[in-house]
Amino acid sequence: MLITRIAPSPKVGGRLAGRWARLGALALALMLAATPGMAQDDVPAGDEALAELAAIDENRATGARQLPSLPALFTLALENDAELARQRFELEATREERPMARSQLLPQVSASGSYLWQDSTNVQTSPDDFGLDQAAQRPGEIDETVWQVQLQQPLFSLERWRKLDVADAQISAAELQLAVVERDLALQVSEAYVEAYLAAQRLGLLETQQESLELQVRQAQRAYDLGIGNRINLLEAQSRLDRAISDAVLAENELDNALSELERLTGTLPEFRGLAVGELSRVELQREWGEQDDWLQRTGENLRVLLAQEERRVTSADTGTRRAGYFPELNLNLSYSDRQSDDLLRESEDYRASVELSMPLYRGGYTTASVRQGVLREQAGQQAVEHQHNLAAQEVRLRLRSLNGNVRQLDALGQSIESSELFLQAAERGEQLGLRDLVDVLDARASLYDQRIQYVDTMGNYALDLLALQSAVGGLESEDLTNVMTLLASITEAASVPGSSLRD
């Protein structure tokens, strides 16, 4: 049966020329070893093939880049995010509520003017038309101008005073809303950052694994062509290579999506490619979180809980304003008017001062219904506070459980990685002694790659849980973002903190 030779991928095409020479020596070793006394079907590949595998890891580590700075990206997001900018304008607009409410307690001064032309026929302007033999007492056609200045000063208005409390509560709620948006933005940037980091690590590990599998495919193909291998090994090697290529394409798409999200949030495109996984045994994890009840007591500082409390305070102040509709209002009115007219009897210059008391007696039940509505909204606001507090408490419990689970999983994966590394060393040694073949070595290496990918993914979940736990009991500070970046850098080859590898 004719087996089509597997073509190498274009990415490794530049390295194949040097490898074919080494594979020629490898093929010669396979032919010499194909004797009836061999205890296994496959043949050891020799030191050169193993050296090529080691060179793959060395090339991976050589191209490591600096880890982008998460706090720097968040700073850019604070300047770039349109939703945050909108919320800032909303806050500034809300702050104008207080001077608007205060203005209702200050004097209200208005000026008015009017012009009148009038042609009137009556007994005073045209006595002849009424059969009277006397002179007209007033002109029938007149031009008249009136100017007036009026001042009103509220002396007592409970409703207007309480509107100041409403304005203060609205401003506090708007400030907290801005803080919530900033915290949510920090979480969005951090999640996109961690996702980009994880995708880049997965992609790098999968590309390295793909190179190893390509070597495995060539080894299996060569063994089959020489008649000392079997078709099952070749098909298995090709299947695993295809799976690695598929996983790498998926990881690359995930990386592009995460980078696109970071670009939308920050306006810049950070570089995550080339970050190699370092020594995982150096990672230090926090293992003690204290009592759960202590965390639950801190949920009162959750920003959404505080926001719900301020919104309830707004409704409470508004209810007080509605109740003020039962009280009277007392106003001082001062006015000056000057009327110039062709009719001397209409000309006047007036100075007026008055104190007016108004008492609402009946408005069709409007005030009572308005107060009931305010009380019901206040009760709804109280339930909203309880709801947000319950959500924060549930988030704390969830994140603490997840963190403890992540720590146990990372410990188990660390032990598994150490065992896999020892197994890989044993497989390489066995290959050198002729007790194992290259397929066994590559199987061990593939298993080690899978475990490293799982370790990195779990570390990403651990980092996100840390941020979510902190946000559940308050806001996020730059120190929290720096800690996450330091944690990721601890498992990254040649990464330093702080870093800001950004490109426009």
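The figures here come from the full heavy-atom set of this structure, side chains too, leaving out hydrogens, waters and symmetry mates. In this text the structure is predicted, and so the values were computed from the model without any measurement.
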Problem - Carboxylate-amine/guanidinium contact R273 D256, below 4.0 Å - result: yes
Problem - Lys/Arg N to Asp/Glu carboxylate O, D411 vs R287, below 4.0 Å - result: yes
Expected list for residues 259-267: side-chain donor-acceptor pairs under 3.5 angstrom, two or more places apart:
unit_1, atom_1, unit_2, atom_2, d
E261, OE1, R264, NE, 3.4
E261, OE2, R264, NH2, 2.7
T266, OG1, L262, O, 2.6
T266, OG1, T268, N, 3.3
T266, OG1, T268, O, 3.2

For [X], check salt bridge (charged side-chain N to carboxylate O under 4.0 Å, His left out) against everything at least two apart and list the hits.
| X | result |
| --- | --- |
| R322 | D318 |
| E90 | R86 |
| R243 | D247 |
| D81 | none |

Practice task
Would you list the pairs meeting salt bridge (charged side-chain N to carboxylate O under 4.0 Å, His left out) in which at least one residue belongs to residues 172-185, sequence neighbours left out?
Solution key: R95-E175, D184-R304
Practice task
Just grab all the salt bridge (charged side-chain N to carboxylate O under 4.0 Å, His left out) pairs involving residues 458-479, residues at least two apart or on different chains.
Solution key: R399-D465
For [X] versus [Y], what's the shortest heavy-atom pair and its separation?
| X | Y | answer |
| --- | --- | --- |
| L70 | L481 | CD2-O, 3.6 Å |
| A244 | L213 | CB-CD1, 3.5 Å |
| R98 | L164 | O-CD2, 3.9 Å |
| V396 | A472 | CG2-CB, 3.8 Å |
| L206 | A251 | CD1-CB, 4.1 Å |
| A169 | E310 | O-OE1, 4.0 Å |

Could you work out, with side chain to side chain donor-acceptor pair (under 3.5 Å) as the rule, every residue matching [X], not counting sequence neighbours?
| X | value |
| --- | --- |
| T315 | none |
| Q388 | none |
| S316 | E378 |

Handout entry: Over 12 foreign heavy atoms within 6.0 Å of CD, E291
Key = no
Exercise for the section: Using side-chain hydrogen bond (donor to acceptor under 3.5 Å, both in side chains) as the criterion, point out the one residue from R452, Q415, Q451, Q425 that pairs with S420. Expected result: Q451
Handout entry: Residue pairs involving residues 389-415 (criterion ring pair (Phe, Tyr, Trp, His ring centres under 6.0 Å); sequence neighbours excluded)
Key = none
Spatial distance of atom [atom1] ([X]) from atom [atom2] ([Y]) [nearest 0.5 Å]:
| X | Y | atom1 | atom2 | result |
| --- | --- | --- | --- | --- |
| Q209 | R240 | CD | CZ | 7.5 Å |
| R372 | T319 | CZ | OG1 | 13.0 Å |
| R222 | D225 | CZ | CG | 6.5 Å |
| Q454 | D457 | CD | CG | 8.0 Å |
| L391 | E386 | CG | CD | 11.5 Å |
| Q309 | R312 | CD | CZ | 6.0 Å |

Would you check if the side chain of [X] reaches a backbone N or O of [Y] as a donor-acceptor pair within less than 3.5 Å?
| X | Y | answer |
| --- | --- | --- |
| S471 | A468 | yes |
| S246 | D242 | no |
| N80 | L76 | no |
| D480 | L476 | no |
| W295 | W289 | yes |
| S190 | A186 | yes |
| Q286 | E288 | yes |

Could you check if a side-chain atom of [X] sits within less than 4.5 angstrom of a side-chain atom of [Y], using non-hydrogen atoms only?
| X | Y | answer |
| --- | --- | --- |
| M485 | L488 | no |
| V473 | E301 | no |
| N302 | L307 | no |
| F423 | L448 | no |
| E271 | P68 | no |
| E421 | I417 | yes |
| Q238 | L235 | no |
| L403 | L469 | yes |

Practice task
Kindly determine whether Q409 and N406 satisfy side-chain contact (heavy atoms from CB on, under 4.5 Å), including the steps that lead there.
Solution key: CA-CA 5 Å; Q409 186 176 4; N406 286 334; 4.3 Å; yes
Fill in the blank from the handout: Residues at least two apart in sequence or cross-chain that pass ring pair (Phe, Tyr, Trp, His ring centres under 6.0 Å) with Y193, listed by chain then number, are F272
Exercise for the section: For a side chain to side chain contact (heavy atoms under 4.5 Å, CB included) with M459, tell me which candidate from L285, L198, V194 qualifies. Expected result: L285
Exercise for the section: Please assess V375 against R323 for the test side-chain contact (heavy atoms from CB on, under 4.5 Å), listing each intermediate value before the final yes or no. Expected result: CA-CA 10 Å; V375 170; R323 286 196 175 99; 3.5 Å; yes
Exercise for the section: Please test E254 against E195 for side-chain contact (heavy atoms from CB on, under 4.5 Å), starting from the C-alpha separation and ending with a verdict. Expected result: CA-CA 8 Å; E254 293 174 349; E195 288 297 329; 5.9 Å; no
Handout entry: Candidate pair I453 and Q201, rule side-chain contact (heavy atoms from CB on, under 4.5 Å), full reasoning
Key = CA-CA 7 Å; I453 291 174; Q201 293 286 32; over 6 Å; no
